[in-house]
Amino acid sequence: MTGPEPGPPDPAAGKAGEPRPTPPPPQRPTQRQRRERAASAGHGPRDGGGTGRDRTLRRPSAVLDEAHVGDIEGALGRIRVGEAERRGGRYRLVTFLAIVGPGLIVMVGDNDAGGVSTYAQAGQDYGYSLLWVLLLLVPVLIVNQEMVVRLGAVTGVGHARLIIERFGRFWGAFSVGDLFVLNFLTIVTEFIGVALALAFFGVSKYIAVPVAALTLVAITTTGSFRRWERIMLVFILTSLVLIPLAFLSRPSYQATFQHFFVPGVQGGFTSNAVLLIIAIVGTTVAPWQLFFQQSNVIDKRITPRFMGYERADTVLGSVVVLIGAGALMIVADYAVRGTQLAGRFTNALGVADALASHSYLLGALFSIVLLDASIIGAAAVTLATSYAFGDVFGIKHSLHRGFRDAKQFYASYTGLVVLAAVIVLIPGAPLGLITTGVQALAGVLLPSATVFLLLLCNDREVLGPWVNPRWLNVVTVLILGCLLVLSGTLVVTTAFTHLHAGVVALSVAALLTFAAVLAWGWLRLRRRGGAPAAAQRALIPRSERATWRMPPLVMLKPVTWSPHTKLAMVVLRGYLVLSVLLLIVKAVQVGTG
């Protein structure tokens, strides 16, 4: 028997009898080497876009959880990975039905318990006169949420993780810290809504709140994204009860049309009216929506190929929000019209009781709307917080995973629900004051969230050919200016109660305009050459743009802020801290009469 033929001599081996030289210890690769290896390896999750399985991308992607890659499993349909794109209206309708969900849920979640309470307060205290605020907020909703749709579909990384990775843990801690505090308080308001809604039917809050908490945990921990989305759509369909309720409230169509398009405030533009307008802004365009929709788009596995369908989903949701919020104002006005309750809002239960004085059916329908809104809002806000928790701490965070596979994710969800429910059960808690204050707090913190959103959507390392066009940046800056005018007016009128709110608002607007002109001139002087976003998009074929995904985070060039940018961010943060402190003062003033 003969053994294997000897191979070539090992150059590392020494001569016979000599010890083999010890190899040098392995060196840790540098960040640049890791980037090059990742770029050359071509591994990573596949993109669900393309026109066929053979066109599926193999380039590295930033997607962090492998459960975020695969077939799109929507409540109303499924799209398989690599499925060929076809033409025709029927195919587009089937695709839209499979995609619809994140935009509709996040928008209907807007009309949550805090939303119902805030819109009802606007109707009870100011009649139809604040309907114009809703119309102005629709483009704000669409602009903000369209940007997070792009971030989610293109990056595959949640909003919280992107802020931390691109701007550092210092600024990430501020942004995510704001989110966690505000979201928790918002979840508390959802359970307040549950308690008030079922109190109309004589159910004790000590029964209603625990049952609602168990229901929320049950519908979320199923381990199936499709099942969760179907349950949410059932709740959304239930919310349509608001439409017949509005018609039964005998609306004045002429007054409705007039106040939608003619700005004004019944009783004058006072500090209390500014507080309520900020609360309307905060409940209609809340910071949690940015985090929720981006993460939900990722969890649903939506890629740039389906961007247009998700945008349509978002616009549809915005229309639903406008109709629902307007209907709530009309219903609340009808409930107290001609009575001593007009202008004396207490809480949503007071509106239900006032409607019951006209007809028990109206009060019951309003209570059902409030209960349904509370469940939708609690599910969405709590899930947004758990998504962000997973982003920050790098744990598995997907509804496609079962409880055993994502224990920390579901444990964070369950813990938030339980703790918020316990707070609502504390005897003597000022539920109405908490609800209004939390919505106003969301409005005050929204500028900070919008600034980070704008910075991310102009980061070419993150979005590549999908960065904001110039016109969208201009619109977003105008929106940001309006939000700062509102919060600035609240700050000044709270500190100096003798000043007229209208004069203060005009003064703050003029000051911000002057500052914006100076900043624009300074940027024009310092602007360096570079291809504009439109030119960059034009260099990339449409087919490749539809499948472009952000590379892994480790491959991105770090963000560098100039000293002036850092100073501006510090000033904004300090101003928001001051605004929050004075908002608390104002809420206490309102709560004590």
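Computed from heavy atoms alone, side chains included, the values below leave out hydrogens, waters and symmetry copies. Along the sequence shown, the residues carry numbers beginning at 1.
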Novice: Thinking salt bridges, do Asp71 and Arg80 make one under a 4.0 Å N-O criterion?
Specialist: yes
Novice: Taking ring-ring contact (aromatic ring centres under 6.0 Å, His included) as the definition, give me every residue that meets it alongside Phe393, ordered by chain and number, with sequence neighbours left out.
Specialist: Phe389
Novice: Checking side-chain hydrogen bond (donor to acceptor under 3.5 Å, both in side chains) for the pair Gln289/Asn144: CA distance, chi angles, key distance, verdict?
Specialist: CA-CA 9 Å; Gln289 294 174 263; Asn144 274 16; over 6 Å; no
Novice: Are Met147 and Gln294 packed together at the side-chain level, in the sense that at least one heavy-atom pair is separated by less than 4.5 angstrom?
Specialist: no
Novice: Hey, are the side chains of Glu73 and Arg301 touching, using non-hydrogen atoms and a 4.5 Å cut-off?
Specialist: yes
Novice: Can you confirm whether Arg549 sits close enough to Val63 that some side-chain heavy atom of one is under 4.5 Å from a side-chain heavy atom of the other?
Specialist: yes
Novice: Could you check whether the rings of Tyr410 and Phe403 sit parallel, tilted or perpendicular, using 30° and 60° as the cut-offs?
Specialist: parallel
Novice: With side chains defined as the heavy atoms from C-beta onward, is the minimum distance between Arg230 and Leu76 less than 4.5 Å?
Specialist: no
Novice: Kindly indicate whether the side chain of Leu383, heavy atoms from C-beta on, has any atom under 4.5 Å from the side chain of Phe292.
Specialist: yes
Novice: Would Ser398 and Asp65 satisfy side-chain hydrogen bond (donor to acceptor under 3.5 Å, both in side chains), going step by step from the backbone distance to the final call?
Specialist: CA-CA 8 Å; Ser398 172; Asp65 192 330; 5.3 Å; no
Novice: Do the side chains of Glu229 and Lys300 get close enough for a salt bridge, i.e. N-O under 4.0 angstrom?
Specialist: yes
Novice: Tell me whether the count of non-hydrogen atoms from other residues, nucleotides or ligands lying under 6.0 Å of CZ in Arg78 goes above 12.
Specialist: yes
Novice: Show the atom names and distances, to 0.1 Å, of all donor-acceptor pairs under 3.5 Å that link a side chain in residues 442-459 to residues at least two apart or in another chain.
Specialist:
residue, atom, partner, partner atom, Å
Ser448, OG, Arg573, NH2, 3.4
Thr450, OG1, Leu446, O, 2.9
Asn458, OD1, Asn473, ND2, 2.7
Asn458, ND2, Leu454, O, 2.8
Asn458, ND2, Asn473, OD1, 2.9
Asp459, OD1, Arg166, NH2, 3.4
Asp459, OD1, Glu461, N, 3.0
Asp459, OD2, Arg166, NE, 2.8
Asp459, OD2, Arg166, NH2, 3.1

Novice: If you define the side chain from C-beta out and look only at heavy atoms, does anything of Val438 sit under 4.5 Å from Val188?
Specialist: no
Novice: Taking the side chain as every heavy atom from C-beta outward, state whether Val176 and Ile163 have any pair of such atoms under 4.5 Å apart.
Specialist: no
Novice: Check the pair Thr220, Tyr413 against side-chain hydrogen bond (donor to acceptor under 3.5 Å, both in side chains), reporting the backbone distance first and the verdict last.
Specialist: CA-CA 9 Å; Thr220 305; Tyr413 182 96; 2.9 Å; yes
Novice: side-chain hydrogen bond (donor to acceptor under 3.5 Å, both in side chains) between Asp391 and His159: does it pass, once the steps are laid out?
Specialist: CA-CA 8 Å; Asp391 281 332; His159 202 67; over 6 Å; no
Novice: Excluding sequence neighbours, so at least two apart, what forms ring-ring contact (aromatic ring centres under 6.0 Å, His included) with Phe225?
Specialist: Trp228, His400
